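What you see is a predicted model, and the numbers here were worked out from it, not measured in a lab.
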Amino acid sequence: MSDVLEQLAQVLEERKQAEPDSSYVAKLYAKGLDSILKKIGEEATETVMAAKDGVPEKIIYETADLWFHTMVLLAHQGLGPNDVLQELERRFGLSGLEEKASRGK
């Protein structure tokens with residue numbers, strides 16, 4: 001599973017050097033953080049709406065869009081999927097209540 005994430009992360013890194021008119025991701029990078037965040041917000045809303053509709057194919061499609069745009073954000077910030085996977089691994093085995101308490105929230 002993480003192979004696909006790593007491959008995508010590599011492509012997203014390469015797009016940082018591309019001309020904005022050469023790819024969708026290069027254009028997002030050129031527009032900056034606010035545009036990336038706006039896109040994540042849109043995709044999160046579409047994911048929620050798909051879940052409310054209850055159609056598995058729509059949920060998968062919208063979740064893929066959300067994950068993709070979140071990966072764009074990570075790359076834009078100099079991060080990658082392994083950073084998130086390491087955090088999830090750190091949390092594995094902790095109860096949600098313990099993890100939240102450890103953050104002081």
Side-chain angles (χ1 to χ4, degrees):
M1 176 175 73
S2 63
D3 289 345
V4 171
L5 296 178
E6 281 302 314
Q7 291 170 5
L8 176 56
Q10 183 172 348
V11 170
L12 294 177
E13 281 300 315
E14 292 168 3
R15 295 295 192 266
K16 287 180 177 181
Q17 308 306 317
E19 292 296 320
D21 60 353
S22 69
S23 83
Y24 171 75
V25 172
K27 188 178 288 188
L28 265 180
Y29 286 144
K31 288 181 178 179
L33 181 61
D34 286 346
S35 290
I36 296 168
L37 295 175
K38 179 180 177 188
K39 197 64 188 162
I40 290 172
E42 290 171 8
E43 298 302 342
T45 299
E46 291 171 5
T47 302
V48 169
M49 290 170 30
K52 293 288 277 181
D53 289 345
V55 178
E57 294 81 9
K58 287 171 74 174
I59 296 167
I60 292 167
Y61 182 88
E62 295 302 342
T63 300
D65 281 352
L66 178 58
W67 285 16
F68 175 83
H69 287 89
T70 301
M71 294 270 301
V72 171
L73 169 65
L74 289 171
H76 185 266
Q77 300 293 87
L79 301 167
N82 280 333
D83 298 303
V84 177
L85 292 173
Q86 287 173 1
E87 176 60 15
L88 289 172
E89 187 176 336
R90 183 191 69 79
R91 294 180 187 187
F92 195 75
L94 288 177
S95 80
L97 296 175
E98 289 174 329
E99 196 283 323
K100 192 171 182 179
S102 74
R103 293 182 285 147
K105 294 184 179 185

Which residues share a side-chain contact (heavy atoms from CB on, under 4.5 Å) with Lys38, sequence neighbours left out: Glu42

Residue pairs passing the side chain to side chain donor-acceptor pair (under 3.5 Å) test where at least one lies in residues 47-61, sequence neighbours excluded: Asp53-Lys58

Verify same cluster id: Leu37, Leu12 (apolar side-chain graph, 4.5 Å): yes

Side chain to side chain, Asp83 and Leu74, heavy atoms closer than 4.5 Å: no

Closest heavy-atom pair and its distance - Arg15, Ser23: CD-OG, 3.2 Å

Separation of Gln10 CD from Gln7 CD (nearest 0.5 Å): 8.0 Å

Taking every non-hydrogen atom, the tightest pair across Ala50 and Glu62: CB-CG, 3.9 Å

Min side-chain heavy-atom separation Gln77-Leu33 under 4.5 Å: yes

Matching residue for Met71 among Val25, Leu5, Leu79, Val84 - test: side chain to side chain contact (heavy atoms under 4.5 Å, CB included): Leu5

Partners passing ring-ring contact (aromatic ring centres under 6.0 Å, His included) against Tyr24 (at least two apart in sequence or in another chain): His69

Atom of Ser22, atom of Ala18 and distance for their closest heavy-atom approach: OG-CB, 3.3 Å

Main-chain N/O of Gln17 paired with Tyr29 side-chain donor or acceptor, under 3.5 Å: no

Sub-4.5 Å side-chain heavy-atom contact between Asn82 and Glu6: yes

CA sep, side-chain torsions, deciding dist, call: Glu46, Leu66, side chain to side chain contact (heavy atoms under 4.5 Å, CB included): CA-CA 9 Å; Glu46 291 171 5; Leu66 178 58; over 6 Å; no

Separation between OG1 of Thr70 and CD1 of Ile36, rounded to the nearest 0.5 Å: 11.0 Å

Single-linkage hydrophobic cluster, 4.5 Å side-chain cutoff, Phe68 and Ile59 together: no

Interatomic distance, Leu8 atom CG to Glu13 atom CD [nearest 0.5 angstrom]: 10.5 Å

